[in-house]
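Everything below concerns the one structure shown next.
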Amino acid sequence: MKNKNIIKSTSGIRGIIGTGLEPITATAYGAAFGTFLKKGRVVVGRDSRPSGSIIMPAVISGLLSVGLDVIDIGIVPTPTVEIAVKRTHAQGGICITASHNPSQWNALKFFNQSGVFITPQEYRRLDEIFNLKKFAFKKFDKLGQVIKQTHWVEEHVKSTLAIKEVNKRAIKKRKLKVVVDAINGAGSRALPLLLEKLGVQTITINCAEDGNFVHEPEPIPKNLTQLSKAVKKYKADLGLACDPDADRLALVDETGNPIGEELTLAIAVKAVLSKKRGPTVINLSTSKVTEDIARSLGSKVYYSKVGESHVVQTIKAKKAVIGGEGNGGVIYPAFHSGRDSLIGSALVLTVLAEEKKTLSELIATFPRYYNIKLKDYLKGDFSKKLSRFEKNAFQILGKTTLDKRDGLRFNFKQGWLQIRSSNTEPIYRLIVETNNEKLTKSLAYQVKRYFK
Ligand code: MG
């Protein structure tokens, strides 16, 4: 069963509704995943985009047809699925969400019984079952059953409040006012509920959970103008924005300035490491500000390849106490091993409350870096261009150390740069970050010329 319009990645599959990801394909993947797991229960949840209402029953049908039981937990953040898998002792989980991709997309993310993304080897096995249609369909009296559970958002909030490093008393005392923009996605109930329980005065925009993406869904500064305006209008202390499946978190300061999602992780790292000792894991595309903060608090910092599953595997291998991605993805492994905007929010509020600073004052105490993130279509032989650039890099960058685990990452005196091809799209990504704005711009310009 080949479908060239389905894009496969380490964590699952995605496609555009109508020209790639159809209910038939979703059912086949449900049956393939059930066949792969053989028996037991599977937790299924989804984000709020409209196509979820057809893709979710299709996936569930596939699972039931091969004899797996399903726990349907409805519209929930991706991390909530991870938590439910672990707590219900399910064999696995599926979250139906295309994350920060626009409405026309949808996707299936697969989790194993530990509530973490299936490994690349597990994925290959699943894909083989799908391609060869080796589904273990059951007879009429051996089909699976559906159990509906609606309490997992509340459970997720409760567990977040129980994290030791979340200072509930200090947050309550600080009497913060916060605006939440959940882009009408899966964070629409969860984030306001968490804030309410923390005693925060909460103003919601785009929290209808109806899948109406009123702005571009990726929580990057250019998409947060509505939140910025609301923070200023309500004279709030800060704004919180998540992506449609609520695993990534971005912040807007009290002046309405979107501070960039890189700083979410830096603040969360500060919250944890100021109370708990241990290593930190970030990916090779993450701002150096997080490394600097972690080191200043006595933590060893390890870098992983890009991709949530790589970060999680490295967190496990290094026994890290905190980790994540510079795109606003905070991972607190003592709770569960996935990016989580609820944990991110609670940790950010903790630092603000304990340090008695505004968000802009807090950021002003951090090392200042200037970064540029570019992407462009791959033209010609990318690996040839990459090796030509590697040979000539000295002329542009001077003395460097080179990390070749994921494309090329050069570390040099004033900063670093990384160039790599995307895991999910036919594009390359270039990130340049230095302590000097002009230098960042000039390096980005010079490097880009090699990849025309
Ligand atoms: Mg996401």
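- Between Y123 and F110, the angle of the ring planes lies from 30° to 60°, which puts this pair in the tilted group.
- The pair E165-K276 meets the salt-bridge criterion, since a charged nitrogen lies less than 4.0 angstrom from a carboxylate oxygen.
- Taking every heavy atom of both residues into account, P219 and R248 meet most closely at CD-NH2, 4.1 Å.
- The closest side-chain donor-acceptor pair between Q446 and S442 falls under 3.5 angstrom.
- Counting heavy atoms from C-beta outward, F111 and V81 have side chains that approach closer than 4.5 Å.
- The only member of K173, K270, K275, R174 that meets salt bridge (charged side-chain N to carboxylate O under 4.0 Å, His left out) when paired with E354 is K275.
- Checking D181 against H215 by side-chain atom types alone, a donor-acceptor pair falls below 3.5 Å.
- Between P192 and T204, the closest heavy-atom pair is CG-CG2, 3.7 Å.
- A side-chain donor-acceptor contact under 3.5 Å links E325 to the backbone of E308.
- Side-chain contact between K399 and K413: absent, with no pair of heavy atoms (C-beta onward) separated by less than 4.5 Å.
- Once rounded to the nearest 0.5 Å, the distance linking CD1 of I13 with CG of N5 reads 12.0 Å.
- Between the CH2 atom in W416 and the OG atom in S285 there is a gap of 5.5 Å [rounded to 0.5 Å].
- In this structure, the side chain of R49 engages the main chain of P102 through a donor-acceptor pair within 3.5 Å.
- Counting non-hydrogen atoms of neighbouring residues, nucleotides and ligands closer than 6.0 angstrom, the CZ atom of F366 exceeds 12 such neighbours.
- Formation of a donor-acceptor pair under 3.5 Å by the S114 side chain with backbone atoms of V116 is not found in this model.
- Counting only N and O atoms by type, the side chains of D243 and S99 include a donor and acceptor under 3.5 Å apart.
- Between the side chain of T80 and the backbone N or O of V76 there is no donor-acceptor pair closer than 3.5 Å.
- Judged by distance alone, the side chains of T350 and N167 never bring a donor and an acceptor atom under 3.5 Å apart.
- Around atom NZ of K448, no more than 12 heavy atoms belonging to other residues, nucleotides or ligands sit under 6.0 Å away.
- Rounding to the nearest 0.5 angstrom, the gap separating the CG atom in L273 from the OG atom in S296 is 8.5 Å.
- With contacts defined as side-chain heavy-atom distances shorter than 4.5 Å, the pair N392/R388 qualifies.
- Listed for the T264 side chain is no donor-acceptor partner under 3.5 Å among the backbone atoms of G328.
- Residues I83 and F335 have side chains in contact (heavy-atom distance under 4.5 Å, counting atoms from C-beta outward).
- Pairing each heavy atom of I75 with each of V153, the nearest pair is O-CG2, 4.3 Å.
- Using a 4.5 Å heavy-atom threshold, the side chains of I73 and V44 count as separate.
- Residues Y303 and R405 are in side-chain contact: their nearest non-hydrogen atoms beyond the backbone lie under 4.5 Å apart.
- Counting heavy-atom neighbours within 6.0 Å of K385 NZ, excluding the residue itself, gives a total above 12.
- In this structure, OG in S51 is found 7.5 Å from CG in L21, a value given to the nearest 0.5 Å.
- Of all the heavy atoms in C242 and I183, the pair that sits closest is O-CG2, 3.7 Å.
- Looking at S337 and E82, their side chains never bring a donor and an acceptor atom within 3.5 Å of each other.
- For the pair K109 and D245, the salt-bridge criterion is met [side-chain N within less than 4.0 Å of a carboxylate O].
- Using a 4.0 Å cut-off between charged nitrogen and carboxylate oxygen, R125 and E128 count as a salt-bridge pair.
- S299 and T280 are linked by a side-chain donor-acceptor pair at a separation below 3.5 angstrom, with hydrogens and angles left out of the test.
- The number of heavy-atom neighbours closer than 6.0 Å to CZ of R295, taken from other residues, nucleotides and ligands shown, is above 12.
- With hydrogens and angles left out, the side-chain atoms of D292 and T290 include no donor and acceptor closer than 3.5 Å.
- Taking the six-membered ring for Trp and the full ring otherwise, F382 and F389 have centroids separated by 6.0 Å or more.
- Contact check for I6 versus R14: no side-chain heavy atoms found under the 4.5 Å cut-off.
- For the pair A266 and I293, the tightest heavy-atom approach, listed with the atom from each and the gap, is O-CG2, 4.0 Å.
- K172 NZ: 12 or fewer foreign heavy atoms inside a 6.0 Å radius.
- Note on ring orientation: taking the six-membered ring where Trp is involved, the planes of Y29 and F130 are parallel (angle under 30°, cut-offs 30° and 60°).
- Listed here is the closest heavy atom pair of G344 and L249: C-CD2, 3.5 Å.
- A donor-acceptor pair under 3.5 Å links the side-chain atoms of R409 to the main chain of L284, judged by distance alone.
- Between the side chains of N283 and S304, no donor N or O sits under 3.5 Å from an acceptor N or O.
- More than 12 heavy atoms of other residues, nucleotides or ligands shown are found within 6.0 angstrom of NZ on K168.
- No donor-acceptor contact under 3.5 angstrom links the side chains of S48 and E209, judged on distance only.
- Side-chain atoms of D47 never come within 3.5 Å of backbone atoms of T97 as a donor-acceptor pair (strictly under, hydrogens ignored).
- S360 and D253 are not linked by any side-chain donor-acceptor pair at a separation below 3.5 angstrom, with hydrogens and angles left out of the test.
- Residues L359 and L251 are in side-chain contact: their nearest non-hydrogen atoms beyond the backbone lie under 4.5 Å apart.
- The closest side-chain donor-acceptor pair between E254 and T358 falls under 3.5 angstrom.
- Checked against side chain to side chain donor-acceptor pair (under 3.5 Å), N223 has no partners two or more places apart in sequence or in another chain.
- When atom types are taken as modelled, the side chain of R429 and the backbone of I419 share no donor-acceptor pair closer than 3.5 angstrom.
- One side chain, Q226 or N206, offers a donor N or O that lies under 3.5 Å from an acceptor on the other.
- Atom CD of E261 is separated from atom OG of S287 by 11.5 Å, given to the nearest 0.5 angstrom.
- A salt bridge links R420 with D406: the distance from a Lys NZ or Arg NE/NH1/NH2 to an Asp or Glu carboxylate oxygen falls below 4.0 Å.
- Taking a cutoff of 4.0 Å between a charged side-chain nitrogen and a carboxylate oxygen, K404 and E390 qualify as a salt bridge.
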